[in-house]
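Below is one structure, written out as structure tokens, with a few remarks after it.
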Amino acid sequence: AILRLSALGDVCHAVPIVRTLSAVWPETELVWIVGVREHALLAGLEGVRLLPYPKHGTRAQRRQALAPLACREVPVLLQLQPALRASLLAHRLRARLRVGFDRARGRDAQWLFTNVRIPPAPAGRVPHVVDTFFAFLETLGVERRVLRWDIPVTDAAWDEARRLVPGESPFLVVSPCAQPRFRTPRDWPAERFAAVAAHARRAHGLRIVVTGGARPAERAAAETIRRRIPDALDLTGRTDLKTLLALLARARLLVAPDSGPVHMANAVGTPVIGLYAATDPRRAGPYLDRRWCVDRYPQAVRRYLGKDPDRLPWGARVRHPRVMDLVETEAVIDALDRALAHPPSVSPPPAPR
């Protein structure tokens, strides 16, 4: 069993774990306990039984979600979420081996709820979350890595993506806002996104597509971009996760802060200009290709924490409210120009029909 409830980026990071286990142990039944929202993205993933768990549901709803495991002992439980809520949930399951993070990376005293732990990260290295998840398999003796995502996209989602963004001319997706997590400010000023999008429109002839959820901050950011680029397509609050995945698969490029769409784009092979200052792209950047990321995390750590970034604990964040101002508009435009001068480093999956 795999326990990783959230968030969108982290469940994307966990998909290669499922692919690897399916390839190495094809006769083994895999069960993944995942959040309801994240299940909407992963639905249809072959090789694993997904159990959507309503984190904010009633006690009866939560009990019903775990009913398939209620009377069974799981030989191995991979606790891929080092959070107290997830640890307490894991404690309700019967498992022989409970594999968790090492003490340096296991937040909320996760080691109290596990009996096997992955080895510490090598000194001087900042492993990506994907590499850290693969350490769980290496702890079980599995050395192979299958770096394949292939998250299913329904025909209806492909059709909706084509309806929303018709035609074949290339477009840039701008996803200006990140979901607020851990009180970490990761949003870049909308005016700067507008300047980058205007450059992409003027210098490269790209159509501009703005995506995001329905929160007021996301709608306000989209409106700021549209004031600068009136013909930008504003899809904030208008796409479900499968449709967003289809849009990202068709896009020429994504510009976004550290957020779920970064890792969804990575999963479908679309190049990403990730904007990082609050978080470390070595740990949380797009896994397949970080060449175009704008990384101001070291400067942020020195300026706002007064520390050496290489001596911080894994997963450390900079929570200063102005931290993302360190990402300069000119640096993002330069990254966009360089990315568009190169073909994509990985090929996106072919769209049906």
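Residue numbers start at 1 and run along the sequence shown. Remember, predicted model here, so these are calculated numbers, not experimental data.
- Residues Gln179 and Arg215 have side chains in contact (heavy-atom distance under 4.5 Å, counting atoms from C-beta outward).
- Partner of Arg282 under the salt bridge (Lys or Arg N to Asp or Glu O under 4.0 Å) criterion, chosen from Asp131, Asp295, Asp310, Asp258: Asp310.
- The existence of a salt bridge linking Glu46 and Arg19 is confirmed by a sub-4.0 Å separation between a basic side-chain nitrogen and an acidic carboxylate oxygen.
- Atom NZ of Lys307 has 12 or fewer heavy atoms from other residues, nucleotides or ligands within 6.0 Å.
- Nearest heavy atoms, Pro68 versus Arg49: CG-NH2, 3.6 Å.
- Ring geometry, His342 versus Trp292: the interplanar angle falls from 30° to 60°, so the pair is classed tilted.
- Proximity of Cys12 to Leu41: side-chain heavy atoms (C-beta onward) are separated by under 4.5 Å at one or more points.
- In this structure, the side chains of Arg105 and Pro82 stay at 4.5 Å or more apart for every pair of heavy atoms.
- At least one side-chain heavy atom of Val210 sits under 4.5 Å from a side-chain heavy atom of Thr236.
- Leu69 and Val99 are members of different hydrophobic clusters when ILVMFWY side chains are connected at heavy-atom separations under 4.5 Å.
- Distance CZ/Phe133 to CG/Leu78: 10.0 Å, rounded to 0.5 Å.
- In this structure, the side chains of Leu254 and Ser175 come closer than 4.5 Å at one or more pairs of heavy atoms.
- When only modelled atom types and interatomic distance are considered, Arg227 and Thr224 share a side-chain donor-acceptor pair under 3.5 Å.
- Taking a 6.0 Å sphere around CZ of Arg322, one finds it holds 12 or fewer heavy atoms contributed by other residues, nucleotides or ligands.
- The hydrophobic clustering, which links ILVMFWY residues whose side-chain heavy atoms are closer than 4.5 Å, places Leu245 and Val262 together.
- What you find for Arg291 and Arg338 is that their closest heavy atoms are O-NH1, 4.1 Å.
- Hydrophobic clustering (ILVMFWY, side-chain heavy atoms < 4.5 Å, transitive): Leu66 and Leu30 are in distinct clusters.
- By the 30° and 60° cut-offs, the orientation of the rings of Trp314 relative to Phe101 is tilted.
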